[in-house]
There are 2 protein chains.
Amino acid sequence: MQSFTEENYLKIIYHLSESTNTVQTNAIAEQIQTKPASVTDMIKKLAEKGLIDYIKYQGVTLTEKGKQTAINIVRKHRLWEVFLVDKLNFKWDEVHDVAEELEHIKSENLIERLDEFLGFPKADPHGDPIPDKNGRFAKTQFVKLIELKIGESGTITGVSQHSSAFLKHLEKLGLTLGKQVKISDVTDFDGSVEILVDNKQINISREVAKHILTTENGKN
Amino acid sequence: MQSFTEENYLKIIYHLSESTNTVQTNAIAEQIQTKPASVTDMIKKLAEKGLIDYIKYQGVTLTEKGKQTAINIVRKHRLWEVFLVDKLNFKWDEVHDVAEELEHIKSENLIERLDEFLGFPKADPHGDPIPDKNGRFAKTQFVKLIELKIGESGTITGVSQHSSAFLKHLEKLGLTLGKQVKISDVTDFDGSVEILVDNKQINISREVAKHILTTENGKN
DNA sequence: TTTTATTTTTAGGTAAATCTAAAAAAATAA
DNA sequence: TTATTTTTTTAGATTTACCTAAAAATAAAA
Ligand SMILES: [Mn+2]
Ligand SMILES: [Mn+2]
Ligand SMILES: [Mn+2]
Ligand SMILES: [Mn+2]
């Protein structure tokens, strides 16, 4: 059984592992909002418990046990987010902080019944996949909106940025999950993208386009 | 903002206050499963924070601020219990421990939306009243089943014992909330009570009868 | 009203998760 | 390859919530 704090470390290490193979002390410190010295302490403890592999000065990787623990926390986080949006009418930009707390509730039974109550959702309100109780993810292949060519269209199925500011901005633009978009033009000057959504032409910055994930619909 | 631990102390003191005016160190220690010395430490801290009034060797009472805080935790606990039973199909004997964790989630918004989602319930799965967001309880006047006279009948609306063993026993006897019961006889020998429920005569021990709460229906 | 028992508090310590400041190792630049 | 910068670790403290053992206060019994 892990403490609240240990769980947070594992989850952060898991997320950082998605981009780098071994995870560095400073990177963890930044994410967890603590000092590197504190991270070193915790890292030793997690290694001691067999949840991570740790070589001094070289960074850490999750063991299989650590990975499964982390995935289970991610599962809980995302299921709670679905609950908050689908059942309690939270907006997609309001759920993260509460889910950060709820994810630590210790009851397998609770989470399985919640999963069932929600209809075994496959993705959370931000399009992130929800692992099943064995830790398996449905494979999802996203194409960044920025990578679509002129004339191609896709369905918005995720975002790679979860800040409230970004999510609210998308909401205002009408760019929510499930929306069909078609690339009309790309501006040479600033790389901004002209898209067709809900029969309206709108212009979004390159920065925004980078963080919208779509499932391609093919040409025309 | 109180810590998880502080909240537990306040809640326990609140519950103990229902039977005694000032609450003793040892009583708190027993409930919280800790040592009296630890309770003294925490008591000082809570007094420092203005949540309880404390006179050395004399016990404690909640201040208005402490009381409101405690009531809010009770509110959350009971709302979560309703959620677990009504929405996730937990049995009434399975919810307490999970609610002990959920009650500490810090989000006013969450609890208000949950309250609404549940249809503003007035009582939890054990018949205990749920305070509204201003800390006000609907007045409930229970009559213990043991206090009903022969020939009188009532509706089961609560229990004063929350152990899983007791609740499961009631379930097996068919004595759940909402059931109509009528006292047929009281055995001289052991004080056990003969009752009519669902057109069946059953015999329950005096001990059981003491912990069933009813709303009287009057004679016949 | 003493004596005895119970309750409560103090004194001094431990473990978890932090911190700051300084030392050590590794990576990068000159 | 040596010097500099960056990253990481150690050393030593702090805070929170506990603990045990012993002292002090209060309550109950003789
Ligand atoms: Mn989230
Ligand atoms: Mn999410
Ligand atoms: Mn309960
Ligand atoms: Mn209850």
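Labels below follow one simple rule: chain letters A, B, ... track the order of the sequence lines, proteins then strands, and each chain is numbered from 1.
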Between A:F83 and B:F83, does the ring centre distance come in under 6.0 Å? yes
B:T187 side chain vs B:D190 backbone, donor-acceptor pair below 3.5 Å: no
Taking the minimum atom-to-atom distance to the side chain of B:Y54, which one of C:dT9, D:dT9, C:dA26 wins? C:dT9
Heavy-atom pair of closest approach, residues B:L175 and B:W92: O-CH2, 3.9 Å
B:I55 has an atom CD1; how far is it from atom C1' of C:dT9, in whole Å? 15 Å
Hey, does the side chain of B:K44 come within less than 4.0 Å of C:dT9's phosphate (OP1/OP2), counting only N and O? no
Return the minimal non-hydrogen interatomic distance between B:T25 and B:P36, and the atom names on each side. CG2-O, 3.6 Å
With a non-hydrogen cut-off below 4.0 angstrom, is B:Y9 in contact with a base, only sugar-phosphate, or nothing? sugar-phosphate
I want to check one thing: is the phosphate of D:dT6, taken as OP1 and OP2, less than 4.0 Å away from some side-chain N or O of A:N26? no
Options C:dT18, D:dC18, C:dT8, nucleotide nearest the side-chain atoms of A:T5: C:dT18
Expressed in angstrom and rounded to an integer, what is the separation of A:K49 atom NZ from C:dA16 atom C1'? 10 Å
Would you indicate, yes or no, if D:dT7 has its OP1 or OP2 atom less than 4.0 angstrom from a side-chain nitrogen or oxygen of A:Q24? no
Closer than 4.0 Å, any side-chain N/O of A:K56 to the OP1 or OP2 of D:dT10? yes
Salt bridge check: are A:K133 and A:E112 linked by an N-O gap of less than 4.0 Å? yes
A:M42 CE to D:dT10 P, in whole Å, measures 16 Å
Would A:Q31 and A:H15 count as having a side-chain donor-acceptor pair, cut-off 3.5 Å? no
Closest approach to the side chain of A:Y57, judged atom by atom: which nucleotide of C:dT8, C:dA25, D:dT10 is it? C:dA25
Residue met sooner reading DNA chain C from 5', once B:I43 and A:Q58 are mapped to nucleotides: B:I43
Sidechain N-carboxylate O distance under 4.0 Å for A:K210, A:E207: yes
Whole-Å distance separating the CD1 atom of B:I28 from the C1' atom of C:dT8: 12 Å
Its dot-bracket string being built from Watson-Crick and G-U pairs below 3.5 Å, with | for another strand and [ ] for crossing, DNA chain C has the pattern ||||||||||||||||||||||||||||||
Tell me whether the rings of B:H211 and B:F166 are parallel (<30°), tilted (30 to 60°) or perpendicular (>60°). perpendicular
For D:dT9, take OP1 and OP2 only and decide whether either is under 4.0 Å from a side-chain N or O of A:T25. yes
Polar atom pairs between nucleotides 19-22 of chain D and protein, under 3.5 Å, N or O only, would you list them?
| residue | atom | partner | partner atom | Å |
| --- | --- | --- | --- | --- |
| D:dC19 | OP2 | B:T34 | OG1 | 2.6 |
| D:dC19 | OP2 | B:K35 | N | 3.0 |
| D:dC19 | OP2 | B:S38 | OG | 2.5 |

Give me the one residue out of A:D132, A:D128, A:D115 that meets salt bridge (Lys or Arg N to Asp or Glu O under 4.0 Å) with A:R75. A:D115
